[in-house]
Amino acid sequence: MGQIKLILFDLDDTLVHFDDYWETSMKEAFAKHDFTRAMDTNRVYEIFREIDLRLVQQLDSQQITIEQFRIRRFVECMEQVGEVVDEATAIDFELFYQSIAKKNMKPNEAVNKLIGELQREYRVGALTNGSEGWQLDKLEAIGLNEVISEETLFISGRIGHEKPSPEIYIHVVQTAGVQPDEVLVVGDSWANDVAGPIGQGMQAVWMNKKQQKAPTGPSAPQPLAVITDLEELRGLLLLP
């Protein structure tokens, strides 16, 4: 195992948590968007949430792209309430929601302090799936846009490959000028942030806040650690 030189954090549900802003922002978007404002917000949200949970599984298994995911969850939701909607309206709703969600995201002072401390000993960046503009907006909202440099910021929408495709991890190694085992990925997704990186020779820490069960067996990937809070990285990566 190589000495860690580069630490890459996942963004969604690692540095910024859906539970902190998603429901509130979605309900506000349904209540205020021109196409949905006359609808029952709570009913539409519950339908939308069920569709989102189903489609996110297809997204994670790379059956659909992030753009298809965002369009289909709105279109299918509207179909279930008896409305016909085109892709342009679905995209407009998504952008409207994002503008609201950005205002509801807040910096986590403890996490930002930890990242600052890690930067004294390591190169620190982010490795995230998503569209470039939206992921950059999230980093700005949580106060990390000027902390994480462009040289260590890897966004699938910018690169053209999504986690857990091998190409995105290969891109990281080639761009950052490091060996695979000198990279540590920290994130909540077993497939994207543990199995994917380890499969390409990287190291990984699983952020298992939701207490999910990890795959077992002799061939199962072995992360460096399993944590439920990013503060646990202090004892793992920083000298006392």
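Remember, predicted model here, so these are calculated numbers, not experimental data. No hydrogens, no waters, no symmetry mates; every other heavy atom, side chains included, goes into these values.
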Shortest non-hydrogen contact from [X] toward [Y]:
| X | Y | answer |
| --- | --- | --- |
| A225 | L236 | CB-CD2, 3.8 Å |
| C77 | I47 | SG-CG2, 4.0 Å |
| A90 | I71 | CB-O, 4.0 Å |
| D60 | P164 | O-CD, 4.3 Å |
| N192 | S189 | N-OG, 3.1 Å |
| L53 | Q57 | O-CG, 3.6 Å |

Counting distance only, does the side-chain N/O of [X] pair as donor-acceptor with the main-chain N or O of [Y] below 3.5 Å?
| X | Y | answer |
| --- | --- | --- |
| T89 | V85 | no |
| T128 | I155 | no |
| Q222 | A220 | yes |
| E182 | Q179 | yes |

Can a donor-acceptor pair be found between the side chains of [X] and [Y] at a distance below 3.5 Å?
| X | Y | answer |
| --- | --- | --- |
| T24 | N104 | no |
| S131 | R158 | no |
| Q3 | D181 | no |
| T228 | Q211 | no |

Would you call [X] and [Y] a side-chain contact if the rule is heavy atoms closer than 4.5 Å?
| X | Y | result |
| --- | --- | --- |
| V81 | D40 | no |
| D188 | D193 | yes |
| I51 | L55 | yes |
| T65 | L59 | no |
| Q200 | V172 | no |
| L127 | V183 | no |
| I170 | H161 | no |
| L237 | I4 | yes |

Treating Ile, Leu, Val, Met, Phe, Trp and Tyr as nodes and any side-chain heavy-atom pair under 4.5 angstrom as an edge, say whether [X] and [Y] lie in one connected cluster.
| X | Y | result |
| --- | --- | --- |
| L118 | I148 | yes |
| M26 | F35 | yes |
| F18 | F96 | no |
| M105 | I100 | no |
| V44 | V75 | yes |

Selection [range] - residue pairs positive for salt bridge (charged side-chain N to carboxylate O under 4.0 Å, His left out), sequence neighbours left out:
| range | answer |
| --- | --- |
| residues 75-88 | R54-E76, R72-E76 |
| residues 215-233 | E231-R234 |
| residues 205-220 | D13-K210 |

Using a 6.0 Å cut-off, check whether atom NZ of K5 has over 12 heavy atoms from anything other than its own residue.
no
When you look at D10 and K163, which way does the side chain to side chain contact (heavy atoms under 4.5 Å, CB included) test go after all the steps?
CA-CA 10 Å; D10 173 54; K163 299 183 292 183; 2.9 Å; yes
Give every residue pair that meets the ring-ring contact (aromatic ring centres under 6.0 Å, His included) criterion with at least one member in residues 55-88, sequence neighbours excluded.
F74-F93
Enumerate the residue pairs fulfilling ring-ring contact (aromatic ring centres under 6.0 Å, His included) with a member in residues 40-67, sequence neighbours excluded, ordered by first and then second residue.
W22-Y45, F30-F48
Report the C-alpha distance between N129 and L11 in whole Å, list the side-chain angles of each, state the deciding distance to 0.1 Å, and finish with yes or no for side chain to side chain contact (heavy atoms under 4.5 Å, CB included).
CA-CA 8 Å; N129 282 348; L11 185 54; over 6 Å; no
Separation of [Y] [atom2] from [X] [atom1] (nearest 0.5 Å):
| X | Y | atom1 | atom2 | result |
| --- | --- | --- | --- | --- |
| L15 | M207 | CG | CE | 9.0 Å |
| L233 | L184 | CG | CG | 7.5 Å |
| R123 | I7 | CZ | CD1 | 11.5 Å |
| E167 | Y169 | CD | OH | 10.5 Å |
| E140 | Q135 | CD | CD | 13.5 Å |
| W190 | Q212 | CH2 | CD | 10.5 Å |

List the steps and the verdict of salt bridge (Lys or Arg N to Asp or Glu O under 4.0 Å) for E28 and K32.
CA-CA 6 Å; E28 183 177 347; K32 294 181 177 180; 2.9 Å; yes
The test is side chain to side chain contact (heavy atoms under 4.5 Å, CB included); show your working for V185 and V205 and say whether it passes.
CA-CA 6 Å; V185 177; V205 168; over 6 Å; no
Evaluate the criterion side chain to side chain contact (heavy atoms under 4.5 Å, CB included) for residue pair V186 and L230; output intermediate values, then yes/no.
CA-CA 9 Å; V186 181; L230 290 179; 4.0 Å; yes
Any chance you could lay out the salt bridge (Lys or Arg N to Asp or Glu O under 4.0 Å) test for E23 and R49, step after step, and finish with the verdict?
CA-CA 9 Å; E23 180 175 349; R49 185 175 64 87; over 6 Å; no
Between Y97 and Y21, what is the ring plane arrangement, given parallel below 30°, perpendicular above 60°, and tilted in between?
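The arrangement is parallel - the two ring planes meet at less than 30°.
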Any residue meeting side-chain contact (heavy atoms from CB on, under 4.5 Å) with D92, in chain and number order, not counting sequence neighbours:
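For D92 the side-chain contact (heavy atoms from CB on, under 4.5 Å) partners, ignoring immediate neighbours, are H33.
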